[in-house]
Every structure is written in structure tokens, then in C-alpha cells.
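Structure record follows, encoded as C-alpha cells.
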Amino acid sequence: MQRSSHRRLLPSTRRRRQNPPYAFWRNLCEIQNVIAIKIAPFSRYQTLDVIRAVAESGRTDIALYTGNDDNIVADLTTPYRFTANGKTIERRIVGGLLGHWSVWTRPAVDLLTECHASRSASPDLLAKGIAVTDANAAFFDTANHFAGCIAGLHEVLRRQRLLEGIWCLDPNEGLSPGQAQEIDRVYAAYPHLNDDEFVAQHRDDWLR
């Protein structure tokens, strides 16, 4: 960890259940080569543990990134304020390292730009965040504990003709029962969130 300034640690519940406590993140901030932390516990409480640890460490050079695909807009627009040594400290999440951004990417870039420009979440922006969360639930197969999360993303890319199939490294991994129908549903419910037309315009050049 001390030899690399590009290593990051992240709390995540997709593949494991345990998350480091506040003390772990507070101690991590003492390592000067730590320059960024991705936060992905899918939990408000554990997200706050990480951000509070960074804020209370006094470090202003650690960038915070969200991996909470269920709370993207709120994460990117919330000012996180804490009191330490009698002073109010504010930190913000500056970007994301998100599975969501592997599909429907053009609107996701626009959404990030909108979040950065707004600095606070309007009702319309929060509503868009709920739509994104709903779409992610279908892509990541939350109904089946993320069993079809990789295949779900591959399915979106297959529909856009960026992939020929949804094969995964694990031959037993695929779409869960009903997941394709859920992807159909969010496609119909949120046409403004997909970038099918943009992909179609550029796909042949990209794949040439």
C-alpha cells in the first residue's frame, strides 16, 4: 500500500459481507500515499464512516468516489458536514467508479455533469436518481442478490450490438429468471436514460 499512490480500498457488499469499521478508515488516512477511496457499501451508515474518517483526519487531498449504484445522485450532490475540534468540515464525493457507467454511458456522463453543476439536488434531479436506481436494480439483478449482475450488463451491451453474447468467465453465470423482462421494463420506463441512438451512430467506427 505504501509503495503505490494508485491503490484504492473500497467497502463493498456485492461479493463480501464484512465492511471495515470507522477506525480502519481513520487509520488508512494516516498513510500519505492514499490519494483516493471508492465507497461502495450500499449503506448510508458505512458510507458516512468513510467520509467522516477522511474529514476528521484533516486530509483534503484524498478524493472520494461513490460506488453506491443505489444512491448515485444523492452521493454526488450531498455536502457531508462534520464537526471536529470545534470546526465544521465539509467533504464531497467528487465522482464515481460505478458498474452503472459501463452501460447507458452517454446519459451517465450528462448526469455527472448535472450533479457537479447543481451542487444541490433539486426534486427533478432526485427523481432522476430514483430512475437510475431502478434501472440499476434490473441490470445488477438485485432481486437475486446480484447473481446476474455481469450478465445483465452484458445483455444491455448485446442489445446495443456491442457484444455478440452475454457469456461470462463462469459458464454457469447468466441472466436470472425474469431479469430480461426487468431490463425490458426499465428500457420502456426510462427511454431518456439509454444511449442506444448514440451508440448506433458510432458503433461501426468504434468496432472497426
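Each residue takes its place number in the sequence, starting with 1. Small disclaimer: the values here were computed from a predicted structure and weren't measured.
- For the pair Val73 and Cys115, the minimum side-chain heavy-atom distance is below 4.5 Å.
- Exactly one of Asp184, Asn194, Asp196 qualifies for a side chain to side chain donor-acceptor pair (under 3.5 Å) with Arg159. That residue is Asp184.
- For the pair Cys29 and Val34, the minimum side-chain heavy-atom distance is 4.5 Å or more.
- Asn71 CG to Thr47 OG1: the interatomic distance, rounded to the nearest 0.5 Å, is 7.5 Å.
- Although no hydrogens or angles enter the test, the distance criterion places no donor-acceptor pair under 3.5 Å between the side chain of His154 and the main chain of Gly165.
- Other residues, nucleotides and ligands place more than 12 heavy atoms under 6.0 Å from the CD atom of Glu90.
- Heavy atoms only, all atoms of each residue included: Pro177 and Asn144 are closest at O-ND2, 4.4 Å.
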| field | Evaluation steps, side-chain contact (heavy atoms from CB on, under 4.5 Å), between Leu112 and Leu76 | value | CA-CA 8 Å; Leu112 176 63; Leu76 290 170; 3.8 Å; yes
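- Phe140 and Leu163 fall within a single hydrophobic cluster, where Ile, Leu, Val, Met, Phe, Trp and Tyr side chains are chained together by heavy-atom contacts under 4.5 Å.
- Among residue pairs with one or both ends in residues 168-203, those qualifying as ring pair (Phe, Tyr, Trp, His ring centres under 6.0 Å) are Trp104-Tyr187, Phe198-His202, Phe198-Trp206, His202-Trp206; sequence neighbours excluded.
- Remark: side-chain polar atoms of Ser57 are paired, donor with acceptor, to backbone N or O of Arg59 under 3.5 angstrom.
- Put simply, the side chain of Ser122 gets close to the backbone of Leu125: a donor and an acceptor are under 3.5 Å apart.
- Screening Arg91, Arg44, Arg92 for a salt bridge (Lys or Arg N to Asp or Glu O under 4.0 Å) involving Asp75 leaves a single residue, Arg44.
- Within the cation-pi definition used here (under 6.0 Å to the ring centroid, within 45° of the axis), Arg52 qualifies as a partner of Tyr22.
- Separation of atoms OG (Ser118) and CG (Leu126) is listed at 9.0 Å; rounding is to 0.5 Å.
- Between Phe42 and Asp69, the closest side-chain pair of non-hydrogen atoms falls below 4.5 Å.
- Within 6.0 Å of the CZ atom in Arg161, the count of heavy atoms belonging to other residues, nucleotides or ligands does not exceed 12.
- Closest approach of Gly96 and Trp101 over heavy atoms only: O-CZ3, 3.1 Å.
- Across every non-hydrogen atom of Pro107 and Asp195, the tightest pair is CD-CB, 3.4 Å.
- Arg203 places a side-chain N or O within 3.5 Å of a backbone atom of Gln160 that can act as its donor or acceptor partner.
- Within the 3.5 Å criterion, the main-chain N or O of Pro21 finds no donor-acceptor partner in the side chain of Asp49.
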| task | Determine, stepwise, if the pair Ile93 / Ile51 fulfils side-chain contact (heavy atoms from CB on, under 4.5 Å). | result | CA-CA 9 Å; Ile93 293 174; Ile51 303 174; 4.1 Å; yes
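- The closest side-chain heavy-atom distance from Phe139 to Val156 is below 4.5 Å.
- Taking the side chain as every heavy atom from C-beta outward, Arg81 and Ile89 never approach each other to under 4.5 Å.
- The hydrophobic clustering, which links ILVMFWY residues whose side-chain heavy atoms are closer than 4.5 Å, places Trp167 and Leu157 apart.
- Between the side chain of Asp141 and the main chain of Gly148, a donor-acceptor pair closer than 3.5 Å is present.
- The side-chain heavy atoms of Ile39 and Thr66, taken from C-beta on, include no pair separated by under 4.5 Å.
- Judged by distance alone, with hydrogens and angles left aside, the side-chain atoms of Asp170 form a donor-acceptor pair with the main-chain N or O of Asn172 at under 3.5 Å.
- Under the 4.5 Å side-chain heavy-atom criterion for grouping Ile, Leu, Val, Met, Phe, Trp and Tyr, Leu162 is connected to Leu98 within one hydrophobic cluster.
- Nearest heavy atoms, Tyr65 versus Ala36: CE1-CB, 3.9 Å.
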| Given Asn136 and His100, is the side chain to side chain donor-acceptor pair (under 3.5 Å) satisfied, shown in steps? | CA-CA 6 Å; Asn136 285 337; His100 166 64; 2.9 Å; yes
| field | Worked verdict on Arg158 versus Glu164 for side-chain contact (heavy atoms from CB on, under 4.5 Å) | value | CA-CA 6 Å; Arg158 185 197 65 79; Glu164 293 183 0; over 6 Å; no
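- Under the 3.5 Å distance criterion, the side-chain polar atoms of Asp134 are left unmatched by any main-chain donor or acceptor of Ile130.
- Residues meeting the salt bridge (charged side-chain N to carboxylate O under 4.0 Å, His left out) test with Asp204, sequence neighbours left out: none.
- With contacts defined as side-chain heavy-atom distances shorter than 4.5 Å, the pair Thr133/Ile72 does not qualify.
- Taking the side chain as every heavy atom from C-beta outward, Ile35 and Ile62 never approach each other to under 4.5 Å.
- Going from atom CD1 of Ile150 over to atom OG of Ser102 covers 10.0 Å, rounded to the nearest 0.5 Å.
- A donor-acceptor pair under 3.5 Å links the side-chain atoms of His116 to the main chain of Val94, judged by distance alone.
- Across all non-hydrogen atoms, the minimal contact from Trp25 to Pro20 is NE1-O, 3.3 Å.
- Checked by atom type and distance alone, the side chain of Gln179 pairs as donor or acceptor with a backbone atom of Ala138 at under 3.5 Å.
- For Gln181 against Gly178, the heavy-atom pair with the smallest separation is OE1-CA, 3.0 Å.
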| request: Give the intermediate values and the outcome of side-chain contact (heavy atoms from CB on, under 4.5 Å) for residues Val132 and Leu111. | output: CA-CA 10 Å; Val132 169; Leu111 178 62; 4.0 Å; yes
